[in-house]
Amino acid sequence: MDFIPPSWLRIDCDTYKRMLNREAVALTKQAKKDGGCFQVKDALIAIDHAFHCCNGTDPYDGQPLDGMSLLSVSNAVISRARMDDQRLYPRLPRVVVLHAGKNPEFEVISWQTKAAKGDMSKTEFLQYCGQVAKNNNHEF
């Protein structure tokens with residue numbers, strides 16, 4: 001199957017395919033541990049779809065994602081996910097699972113947002129951020 005990166009990533013096809021495969025395998029393994037039932041092939045297609053649906057901005061904070069950082073960050077750095085590395089590459093595109101059923105759904109967000117929101121849904125995260133802003137006398 002041919003996977004062509006969306007233009008906003010600004011990376012070559014080989015790098016994109018390696019990244020897709022790495023994400024699909026890792027997310028499939030994790031989903032199976034958590035009771036998910038999709039296959040790597042389904043994940044590849046759905047992750048590719050998520051990248052193409054993404055306009056190059058984080059859907060939570062509206063800031064641009066840095067697709068070029070995928071060229072700088074090694075697989076080992078991403079798999080360890082150390083906080084120092086997250087601070088160096090806060091706008092690195094990361095894939096998160098929205099639905100882990102037979103037909104999985106994914107979303108592309110920044111590493112910074114992924115670290116901040118943890119397991120919250122988009123609605124829960126935005127409500128939480130609103131409360132933080134309100135408590136600090138800021139309004140959205």
Side-chain angles (χ1 to χ4, degrees):
M1 197 169 223
D2 273 343
F3 293 106
I4 309 296
S7 59
W8 67 266
L9 275 176
R10 297 186 322 246
I11 61 173
D12 62 271
C13 287
D14 288 337
T15 300
Y16 183 63
K17 288 177 191 176
R18 281 192 307 275
M19 183 271 309
L20 279 180
N21 189 60
R22 179 186 67 229
E23 292 288 340
V25 169
L27 291 169
T28 301
K29 281 182 183 178
Q30 185 59 49
K32 287 190 190 259
K33 288 179 186 177
D34 297 336
C37 60
F38 59 86
Q39 301 297 315
V40 172
K41 179 182 175 188
D42 299 323
L44 281 168
I45 294 166
I47 294 168
D48 179 55
H49 178 73
F51 270 99
H52 282 279
C53 287
C54 177
N55 63 1
T57 60
D58 185 305
Y60 292 85
D61 65 17
Q63 298 297 312
L65 297 168
D66 180 13
M68 293 292 292
S69 61
L70 290 169
L71 299 172
S72 306
V73 180
S74 71
N75 294 350
V77 167
I78 291 172
S79 66
R80 281 194 322 268
R82 292 190 339 234
M83 188 54 75
D84 290 345
D85 297 319
Q86 291 176 24
R87 287 188 183 116
L88 288 173
Y89 303 101
R91 308 312 303 166
L92 177 77
R94 303 301 299 132
V95 180
V96 294
V97 179
L98 294 177
H99 173 69
K102 185 144 179 77
N103 296 311
E105 289 181 62
F106 300 95
E107 181 175 48
V108 177
I109 63 177
S110 71
W111 203 350
Q112 183 178 36
T113 297
K114 184 176 180 186
K117 80 180 222 46
D119 292 330
M120 292 182 203
S121 70
K122 186 173 186 175
T123 302
E124 292 168 333
F125 179 70
L126 292 174
Q127 287 173 345
Y128 172 75
C129 289
Q131 286 298 317
V132 170
K134 184 177 177 184
N135 290 340
N136 289 299
N137 298 320
H138 300 312
E139 292 291 326
F140 287 176

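Numbering of residues begins at 1 and proceeds along the displayed sequence. Side chains are part of it too, since the values below use all heavy atoms of this structure and drop only hydrogens, waters and symmetry mates.
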Checklist entry - Do the side chains of Trp111 and Leu98 join up, straight or via other hydrophobic residues, at under 4.5 Å, putting them in one cluster? => result no
Please list, chain by chain and in numerical order, all residues satisfying side-chain hydrogen bond (donor to acceptor under 3.5 Å, both in side chains) with [X], sequence neighbours excluded.
X	result
Asn55	Thr57
Thr113	Asp58, Ser110
His52	Asp48

Checklist entry - Does Ala116 have any side chain to side chain contact (heavy atoms under 4.5 Å, CB included) partners at least two apart in sequence or in another chain, and if so, which? => result Phe125
Item to check | Exceeds 12 heavy-atom contacts within 6.0 angstrom, atom NE2 of His49 | outcome: no
Checklist outcome for this item: Heavy-atom closest pair (Thr28 atom, Val40 atom, distance to 0.1 Å) is OG1-CA, 3.7 Å
For residues 3-12, which side-chain donor-acceptor pairs fall under 3.5 Å, sequence neighbours excluded?
unit_1: Trp8; atom_1: NE1; unit_2: Phe51; atom_2: O; d: 3.2
unit_1: Trp8; atom_1: NE1; unit_2: Cys54; atom_2: O; d: 3.1
unit_1: Asp12; atom_1: OD1; unit_2: Thr15; atom_2: OG1; d: 2.9
unit_1: Asp12; atom_1: OD2; unit_2: Asp14; atom_2: N; d: 3.1
unit_1: Asp12; atom_1: OD2; unit_2: Thr15; atom_2: N; d: 2.9
unit_1: Asp12; atom_1: OD2; unit_2: Thr15; atom_2: OG1; d: 3.2

Return all side-chain donor-acceptor pairs below 3.5 angstrom for residues 61-70, not counting sequence neighbours, or 'none' if the list is empty.
unit_1: Asp61; atom_1: OD1; unit_2: Gln63; atom_2: N; d: 2.9
unit_1: Asp61; atom_1: OD1; unit_2: Arg91; atom_2: NH2; d: 3.1
unit_1: Asp61; atom_1: OD2; unit_2: Arg91; atom_2: NH1; d: 3.0
unit_1: Asp61; atom_1: OD2; unit_2: Arg91; atom_2: NH2; d: 3.3
unit_1: Asp66; atom_1: OD1; unit_2: Met68; atom_2: N; d: 3.3
unit_1: Asp66; atom_1: OD1; unit_2: Ser69; atom_2: N; d: 3.4
unit_1: Ser69; atom_1: OG; unit_2: Asp66; atom_2: O; d: 2.5

Checklist entry - Pairs in or reaching into residues 96-114: which pass salt bridge (Lys or Arg N to Asp or Glu O under 4.0 Å), with residues at least two apart or in two chains? => result none
Next on the checklist: Under the side-chain hydrogen bond (donor to acceptor under 3.5 Å, both in side chains) definition, can you give me all pairs with a residue in residues 34-46, not counting sequence neighbours?
Outcome noted: Gln30-Asp34
Checklist entry - Would you say Phe38 and Asn103 make side-chain contact, with heavy atoms under 4.5 Å? => result no
Checklist entry - Which is it for Phe106 and Val97 under the side chain to side chain contact (heavy atoms under 4.5 Å, CB included) test, yes or no, and what are the steps along the way? => result CA-CA 5 Å; Phe106 300 95; Val97 179; 3.5 Å; yes
Checklist outcome for this item: Result for salt bridge (Lys or Arg N to Asp or Glu O under 4.0 Å) between Glu23 and one of Lys17, Lys29, Arg18, Arg94 points to Arg94
